[in-house]
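Step one of this worksheet: look at the structure below.
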Amino acid sequence: QVQLAELGGGLVQAGGSLRLSCAASFRAFSNYAMGWFRQAPGKEREFVAAIRWSGGGTDYAEPVKGRFTVSRSNAKSTVYLQMNSLKPEDTAVYYCAEKRSIGPVRAANAYDFWGQGTQVTVSS
């Protein structure tokens, strides 16, 4: 069973930056992509970004395009989410997730394993 561990959350002022990391306990050859999702209080979990292990292709949700960057280290089995120009509406618990099968990367129910989440709070 894969375990995912997120690090890097915290409190930051609007306009600031944070970098989240997600380390997998191991990476099977069948892994397809890693995704980042977030969930704010009272809201549904939403897609933020995803990166494919092979080729490094990325997808971003519209609200974070141009501000967030997802990247990976194959050697470390780690995925990163660099978040710049943070806004109060980015406040949420951020989760990383692993997707084993080929296919669309924006649906939460397409992912097989999830981390425990890390809180990101952006003050105005």
Side-chain angles (χ1 to χ4, degrees):
Q1 178 103 2
V2 172
Q3 291 185 330
L4 303 175
E6 299 109 332
L7 291 174
L11 173 64
V12 65
Q13 288 189 331
S17 299
L18 283 174
R19 189 174 85 149
L20 306 182
S21 64
C22 173
S25 55
F26 70 91
R27 185 166 74 85
F29 286 109
S30 59
N31 290 2
Y32 175 63
M34 296 291 290
W36 287 97
F37 291 77
R38 66 187 182 187
Q39 188 166 19
K43 295 188 176 182
E44 292 187 355
R45 191 169 298 190
E46 64 175 2
F47 170 76
V48 175
I51 187 165
R52 295 161 184 81
W53 283 113
S54 177
T58 56
D59 280 61
Y60 294 95
E62 201 62 38
V64 308
K65 276 184 180 178
R67 299 188 298 122
F68 291 11
T69 303
V70 61
S71 61
R72 77 206 191 288
S73 167
N74 286 14
K76 296 181 179 179
S77 295
T78 299
V79 176
Y80 305 95
L81 185 67
Q82 177 67 43
M83 305 185 294
N84 298 329
S85 302
L86 283 162
K87 305 175 181 180
E89 51 262 45
D90 294 319
T91 295
V93 177
Y94 283 70
Y95 299 89
C96 69
E98 180 183 283
K99 186 179 189 302
R100 293 268 171 108
S101 59
I102 295 174
V105 296
R106 292 176 177 254
N109 60 11
Y111 287 76
D112 302 283
F113 299 100
W114 290 82
Q116 79 286 355
T118 185
Q119 177 70 46
V120 171
T121 303
V122 185
S123 63
S124 57

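These figures come from a predicted structure and were not determined experimentally.
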Please say whether more than 12 non-hydrogen atoms of neighbouring residues, nucleotides or ligands are located less than 6.0 Å from CD1 in Ile102. no

Straight-line distance of Gln39 CD to Gln119 CD, nearest 0.5 Å: 11.0 Å

Hydrophobic clustering (ILVMFWY, side-chain heavy atoms < 4.5 Å, transitive) - are Tyr80 and Leu4 grouped together? no

Partner residues of Glu44 under the salt bridge (charged side-chain N to carboxylate O under 4.0 Å, His left out) criterion, sequence neighbours left out: none

So how far is it from Tyr111 OH to Glu98 CD, rounded to the nearest 0.5 Å? 10.5 Å

Using every non-hydrogen atom in the two residues, find where Leu20 and Met83 come nearest and quote the distance to one decimal. CG-CE, 3.8 Å

Identify, with sequence neighbours excluded, every residue that meets side chain to side chain contact (heavy atoms under 4.5 Å, CB included) alongside Val12. Leu18, Leu86, Val122

Salt bridge (charged side-chain N to carboxylate O under 4.0 Å, His left out) with Lys43: which residues, sequence neighbours excluded? none

Could you check whether the rings of Tyr94 and Phe68 sit parallel, tilted or perpendicular, using 30° and 60° as the cut-offs? tilted

Mind checking side chain to side chain contact (heavy atoms under 4.5 Å, CB included) for Asn84 and listing every partner two or more places apart, or none if nothing turns up? Ser17, Gln82

Not counting sequence neighbours, list each pair that qualifies as a salt bridge (charged side-chain N to carboxylate O under 4.0 Å, His left out) and has a residue in residues 101-116. Asp59-Arg106

Should Leu7 and Thr118 be marked as a side-chain contact (heavy atoms from CB on, under 4.5 Å) after you check the CA-CA gap, both sets of side-chain angles, and the distance that decides it? CA-CA 7 Å; Leu7 291 174; Thr118 185; over 6 Å; no

Residues in ring pair (Phe, Tyr, Trp, His ring centres under 6.0 Å) contact with Tyr95, at least two apart in sequence or another chain: none

More than 12 heavy atoms of other groups within 6.0 Å of Glu46 CD: yes

